[in-house]
> 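Here it is, the structure, as structure tokens.
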Amino acid sequence: MQQSIERADEREHLPSLLAADADELVRRLQHHQKLTFPPAARKTLRLFSPAEAAGFIGIGEGYLRQIAADGHGPAPQPNGRRLYSISDIEAIRRVLDDGGRAGKYVPHRRLGEKLQVISVMNFKGGSGKTTTSAHLAQYLALRGYRVLAVDLDPQASLTALFGHQPELDVGEGETLYGAIRYADPRPVRDVVRATYMANLALIPGNLELMEFEHETPKAMMGARTETIFFARLGEVLAEIEADYDVVVIDCPPQLGYLTMSALCAATSVLITVHPQMLDVMSMAQFLSMTSELMAVVETAGGRTDYDWMRYLVTRLEPNDGPQSQMTGFMRAIFGNRMLTNAMLKSTAISDAGVTKQTLYEIDRSQFIRGTYDRAMESLGLVNREVEDLLRGVWGRR
């Protein structure tokens, strides 16, 4: 009997334990944040080589040299080499289009071309969803599109990757929840933040987003709102539609009200999947549940038709036999709904993530050249394929 009492005394109170661990972890992360990124520090974008700059603009490197010789672009460095900032790249685009706001090289939306809203999603964590969202948003911004990245995941990894610590830098009402909440919503422009990249803005996330999951059932039961939950995100995006060409939404890894809202606001859907048996089995459940919920939303008047939907294989190891077999298995089932290109697993991407950077931010010299080049090639192929889909919707070649 005495032994049973002692064991009961040794049992741990889970809520207290989790709260204490959370507080300590946040304290240590804040300390690490201050050491790694001092309070006055701001993320910056690296300079790009002539080959990279020419690729983003959509011209040959020789033509870029000719433009530079005509006095457009950065001055040569002491070694005679030119390196291009994103501002330099934007200025050259406008020179090539003779100052026009939308032309061949300035790819902004034209009259009659609708805003593209891409929801990047999967039910299972670890599928590369946030990495895909971040690199896609940055790539499109580098290509000259006006991009809004929306972090709809309460874990806020995209926000951290873009240089904002969710616990420190994002206050109450400063996430998308501030604009879509049922009581006293804020204008969505109040929660949009500029980033260190031209053409790229961010709506950050943090745990506050979970309030939408908690408040929506109450609002529906109490009939406290004229706008049904799944229409709220689309309505606030409509307020700033003229400011952007593309919106990239990083969805939470769950089928809640936030994800359903993102699906109803989207014009296109990108589903990431890691080619492992357990991940694919999980995705089968995810697809079935999504289909059932979307049928309910459709009955209530929600959007269920999209310009395109594609599956993207992520973290692929080409020399892994089972992964290659699983990729082939999915291609046999999904056909052209699979992106032709896959995102390779790379230590370059994971190592960059340790310092909250993407491959577009980190310098090539910090990696083994072959590792970096393979990762960048893979990123470029995937992102260009998505860009081609966007341009196809607009009727561009």
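All values reported here derive from a predicted model rather than from experimental measurement. The figures here come from the full heavy-atom set of this structure, side chains too, leaving out hydrogens, waters and symmetry mates.
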> Please report whether the ring centroid of Tyr257 lies less than 6.0 Å from that of Phe230.
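That pair fails the under 6.0 Å test.
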
> Mind checking whether Leu263 and Thr290 have side chains closer than 4.5 Å, heavy atoms only?
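Yes - at least one pair of side-chain heavy atoms lies under 4.5 Å apart.
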
> Measure across Gln323 and Leu316 and return the closest heavy-atom pair with its distance rounded to 0.1 Å.
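Here Gln323 and Leu316 meet closest at OE1-CA, 3.5 Å.
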
> Rounded to the nearest 0.5 Å, what separation is found between the CD atom of Gln325 and the CG atom of Asp320?
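Answer for the CD-CG pair, Gln325 versus Asp320, is 9.0 Å.
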
> Would you mind checking if Glu387 and Arg143 are paired as a salt bridge, meaning a charged N to carboxylate O distance below 4.0 Å?
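Here Arg143 pairs with Glu387 in a salt bridge, since their nearest N and O are under 4.0 Å apart.
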
> Check whether more than 12 heavy atoms from other residues, nucleotides or ligands sit under 6.0 Å from atom CD of Gln77, and answer yes or no.
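More than 12 within 6.0 Å, yes.
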
> Start with the C-alpha gap between Trp308 and Leu390, add the side-chain angles, then the distance that decides, and say whether side-chain contact (heavy atoms from CB on, under 4.5 Å) holds.
CA-CA 9 Å; Trp308 52 266; Leu390 297 176; 4.2 Å; yes

> For Met281, does the CE atom sit with more than 12 other heavy atoms under 6.0 Å from it, leaving out its own atoms?
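No, not enclosed.
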
> Evaluate the side-chain contact (heavy atoms from CB on, under 4.5 Å) criterion for residues Val269 and Met121: first the C-alpha distance (whole Å), next the side-chain angles of each, then the deciding distance (0.1 Å), finally the verdict.
CA-CA 8 Å; Val269 176; Met121 58 189 302; 3.6 Å; yes

> At what distance, to the nearest 0.5 angstrom, does CZ of Phe229 lie from OH of Tyr182?
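Here the interatomic distance stands at 7.0 Å.
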
> What residue among Leu148, Thr267, Val247 forms side-chain contact (heavy atoms from CB on, under 4.5 Å) with Leu115?
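Exactly one pass, corresponding to Val247.
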
> Nearest heavy-atom pair of Val236 and Val188: which atoms, and what distance?
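Distance-wise, the nearest heavy atoms are O-CG1, 3.4 Å.
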
> May I ask you to decide if Pro50's main-chain N or O and Glu61's side chain share a donor-acceptor pair within less than 3.5 Å?
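Pair absent, no side-chain N/O of Glu61 close to backbone of Pro50.
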
> Got a sec, which residues hit side chain to side chain donor-acceptor pair (under 3.5 Å) with Asp243, two or more places apart in sequence or on another chain?
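Asp243 satisfies side chain to side chain donor-acceptor pair (under 3.5 Å) with Arg189 once adjacent residues are dropped.
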
> Atom CG in Leu200, atom CZ in Arg193: separation rounded to 0.5 Å?
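The CZ atom of Arg193 is 13.5 Å from CG of Leu200, to the nearest 0.5 Å.
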
> For Tyr244 and Tyr145, what are the C-alpha separation, side-chain angles and deciding distance, and is it a ring-ring contact (aromatic ring centres under 6.0 Å, His included)?
CA-CA 8 Å; Tyr244 302 101; Tyr145 301 95; over 10 Å; no

> Pick from Lys114, Arg391, Arg146: which one makes a salt bridge (Lys or Arg N to Asp or Glu O under 4.0 Å) with Asp245?
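When Lys114, Arg391, Arg146 are each tested with Asp245, the salt bridge (Lys or Arg N to Asp or Glu O under 4.0 Å) holds only for Arg146.
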
> Salt bridge (charged side-chain N to carboxylate O under 4.0 Å, His left out), that's the test. Do Glu90 and Arg93 meet it? Break it down for me.
CA-CA 5 Å; Glu90 284 300 296; Arg93 278 198 184 95; 2.3 Å; yes

> Can any side-chain N or O of Glu385 pair as donor or acceptor with the backbone N or O of Thr340 at less than 3.5 Å?
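Side chain of Glu385 to backbone of Thr340: a pair is present.
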
> Keeping Thr259 on the side-chain end and Gln254 on the backbone end, is there a donor-acceptor pair under 3.5 Å?
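Pair found, side chain donor or acceptor close to backbone of Gln254.
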
> Check the pair Tyr139, Val147 against side-chain contact (heavy atoms from CB on, under 4.5 Å), reporting the backbone distance first and the verdict last.
CA-CA 10 Å; Tyr139 167 84; Val147 182; over 6 Å; no

> Is the number of heavy atoms from other residues, nucleotides or ligands within 6.0 Å of CE (Met210) greater than 12?
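Above 12, so yes.
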
> What class does the angle between the rings of Tyr196 and Phe162 fall in, given that below 30° is parallel, 30 to 60° is tilted and above 60° is perpendicular?
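Perpendicular.
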
> For the side-chain hydrogen bond (donor to acceptor under 3.5 Å, both in side chains) test, which of Asp250, Asp153, Asp151 pairs with Thr130?
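For Thr130, the side-chain hydrogen bond (donor to acceptor under 3.5 Å, both in side chains) test succeeds with only one of Asp250, Asp153, Asp151, which is Asp250.
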
> Report the distance from atom CG of Leu359 to atom CZ of Arg46, rounding to the nearest 0.5 Å.
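Going from CG on Leu359 over to CZ on Arg46, the span is 8.5 Å.
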
> Taking C-beta and beyond as the side chain, do Trp394 and Arg110 meet within less than 4.5 Å on heavy atoms?
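They are not in side-chain contact.
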
> Is the side chain of Arg181 donor-acceptor paired with the backbone N or O of Phe212 at a distance under 3.5 Å, no angle test?
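Side chain of Arg181 to backbone of Phe212, a donor-acceptor pair under 3.5 Å: no, none is there.
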
> For the residue pair Leu287 and Tyr311, establish whether any side-chain heavy-atom pair is separated by less than 4.5 Å.
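They are in contact (side-chain heavy atoms under 4.5 Å apart), so the answer is yes.
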
> Compare every heavy atom of Pro166 with every heavy atom of Gly205, then report the nearest pair and how far apart it is.
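Reported closest heavy-atom pair: O-CB, 3.8 Å.
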
> How close do Tyr84 and Ala68 get, heavy atom to heavy atom, and via which atoms?
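Of all heavy-atom pairs spanning Tyr84 and Ala68, the closest is OH-CB, 3.8 Å.
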
> Between Arg374 and Glu377, does any side-chain N to carboxylate O distance fall below 4.0 Å?
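No, no charged N to carboxylate O under 4.0 Å.
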
> Is any side-chain N of the basic residue among Arg396 and Glu113 closer than 4.0 Å to the acidic one's carboxylate O?
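Looking at Glu113 together with Arg396, the answer is yes, because their closest N to O distance falls below 4.0 Å.
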
> Could you report the tightest heavy-atom contact between Val246 and Leu140, atom names first, then the distance?
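Val246 and Leu140 have their closest heavy atoms at CG1-CD1, 3.9 Å.
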
> Checking side-chain contact (heavy atoms from CB on, under 4.5 Å) between Met343 and each of Asn383, Thr272, Ile349, Thr131, which is the one that passes?
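Exactly one pass, corresponding to Ile349.
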
> Going by distance alone, is a donor N or O of one side chain under 3.5 Å from an acceptor N or O of the other, for Tyr372 and Ser346?
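No, Ser346 and Tyr372 have no side-chain donor paired with an acceptor closer than 3.5 Å.
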
> State, with a plain yes or no, whether a side-chain heavy atom of Met326 is found less than 4.5 Å away from one of Pro322.
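Sidechains of Pro322 and Met326: no contact.
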
> Indicate yes or no: at least one non-hydrogen side-chain atom of Arg94 is less than 4.5 angstrom from one of Val106.
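Yes. Closest side-chain heavy atoms under 4.5 Å.
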
> Quick one, Glu215 and Ile180 - any side-chain contact, counting heavy atoms below 4.5 Å?
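In short, these two side chains do not touch, never coming nearer than 4.5 Å.
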
> At what distance, to the nearest 0.5 angstrom, does CG of Leu142 lie from CZ of Phe56?
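Spacing of CG (Leu142) from CZ (Phe56) equals 4.5 Å.
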
> Quick check on the hydrophobic clustering: are Leu379 and Leu381 connected, directly or via other members, by side-chain heavy-atom contacts under 4.5 Å?
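Leu379 does not cluster with Leu381.
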
> Is there a side-chain contact (heavy atoms from CB on, under 4.5 Å) between Glu172 and Glu211? Walk through the geometry before answering.
CA-CA 11 Å; Glu172 183 180 350; Glu211 293 299 317; over 6 Å; no

> About how many Å separate CE of Met330 and CE of Met283, when rounded to the nearest 0.5 Å?
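Result: 6.0 Å between the selected atoms.
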
> With no hydrogens and no angle check, is any side-chain donor or acceptor of Gln138 less than 3.5 Å from a backbone partner on His135?
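Looks like no, no N/O pair under 3.5 Å.
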
> Backbone N or O of Ala262 within a donor-acceptor pair of the Ser119 side chain at under 3.5 Å?
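At least one qualifying donor-acceptor pair exists.
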
> Taking the side chain from Asn341 and the backbone from Val382, do they hold a donor-acceptor pair closer than 3.5 Å?
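Looks like no, no N/O pair under 3.5 Å.
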
> Write down the atom of Asn206, the atom of Gly171, and the distance for their closest heavy-atom approach.
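Distance-wise, the nearest heavy atoms are ND2-O, 4.3 Å.
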
> Between the side chains of Asp279 and Ser282, is a donor N or O closer than 3.5 angstrom to an acceptor N or O?
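Ser282 and Asp279 do not have a side-chain donor-acceptor pair below 3.5 Å.
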
> Kindly indicate whether the side chain of Ile59, heavy atoms from C-beta on, has any atom under 4.5 Å from the side chain of Ile67.
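Yes; the side chains approach each other to less than 4.5 Å.
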
> When you compare the side chain of Leu152 with that of Leu233, does any pair of heavy atoms fall below 4.5 Å?
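The answer is yes, as the side chains (C-beta and beyond) meet within the 4.5 Å cut-off.
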
